[in-house]
Amino acid sequence: MRVVAELPHPECKITIFQMGQKYIIKFEQGQLEQSFKISELDLSGGGVNEIFQIIDEEFIQGIAERFKTMRSDFKAAYQRH
């Protein structure tokens with residue numbers, strides 16, 4: 001697995017990896033992370049530039065909201081124990 005790109009963003013760290021026949025987009029915020037896998041076959045030949053187009057602000061805002069939910073869920077689980 002190799003790092004193809006790192007994208008700066010105030011909400012989270014975004015890293016794009018390439019492994020075999022797929023790309024992995026990883027979003028990190030503190031101790032939490034989310035990742036998405038995209039097969040090269042699902043892209044129209046634009047490679048990593050096509051991935052950049054997929055990662056738009058609307059998508060990132062959804063990621064940020066999901067991080068809030070993840071953090072809340074983890075905090076609640078931790079407090080139960």
- prompt: When you look at T69 and S72, which way does the side-chain contact (heavy atoms from CB on, under 4.5 Å) test go after all the steps?
  reply: CA-CA 5 Å; T69 303; S72 176; 5.7 Å; no
- line: Smallest heavy-atom separation, A64 atom then E11 atom, equals CB-OE1, 3.5 Å
- request: Locate the shortest heavy-atom distance separating C12 from Q29; write the atom from each residue and the value.
  value: CB-CB, 4.4 Å
- line: ring-ring contact (aromatic ring centres under 6.0 Å, His included) pairs touching residues 60-81, sequence neighbours excluded, are none
- prompt: Given the rule in the side-chain contact (heavy atoms from CB on, under 4.5 Å) test, do E33 and K26 qualify, once you have shown the distances and angles that lead to the verdict?
  reply: CA-CA 7 Å; E33 66 179 50; K26 184 166 81 168; 3.8 Å; yes
Shared hydrophobic cluster, I16 / M19 (ILVMFWY, side-chain heavy atoms < 4.5 Å): no
field: Qualifying salt bridge (Lys or Arg N to Asp or Glu O under 4.0 Å) pairs with a residue from residues 51-67, counting only residues at least two apart or across chains
entry: E65-K68
field: No-hydrogen, no-angle side-chain donor-acceptor test under 3.5 Å, E50 and S44
entry: yes
message: Are I25 and M70 linked, directly or through intermediate hydrophobic residues, by side-chain heavy-atom contacts shorter than 4.5 Å (ILVMFWY only)?
response: yes
query: Does one hydrophobic cluster hold both I14 and L32, with members joined at side-chain heavy-atom distances below 4.5 Å?
result: yes
task: Write down the atom of V48, the atom of Y23, and the distance for their closest heavy-atom approach.
output: N-OH, 3.6 Å
task: Return the set of residues passing ring pair (Phe, Tyr, Trp, His ring centres under 6.0 Å) with F59 (not counting sequence neighbours), or none when no residue passes.
output: F27, F36
Test item: side-chain donor near acceptor, E40 and Q18, under 3.5 Å: yes
task: Supply the atom-to-atom distance H9 NE2 to I55 CD1, rounded to the nearest 0.5 angstrom.
output: 10.0 Å
message: For the residue pair Q31 / R71, report whether a side-chain donor-acceptor contact shorter than 3.5 Å exists.
response: no
- prompt: Going through the checks in order, is the side-chain contact (heavy atoms from CB on, under 4.5 Å) test met by I24 and I38?
  reply: CA-CA 6 Å; I24 301 168; I38 302 173; over 6 Å; no
message: The test is side-chain contact (heavy atoms from CB on, under 4.5 Å); show your working for I51 and L43 and say whether it passes.
response: CA-CA 8 Å; I51 302 288; L43 300 173; 4.0 Å; yes
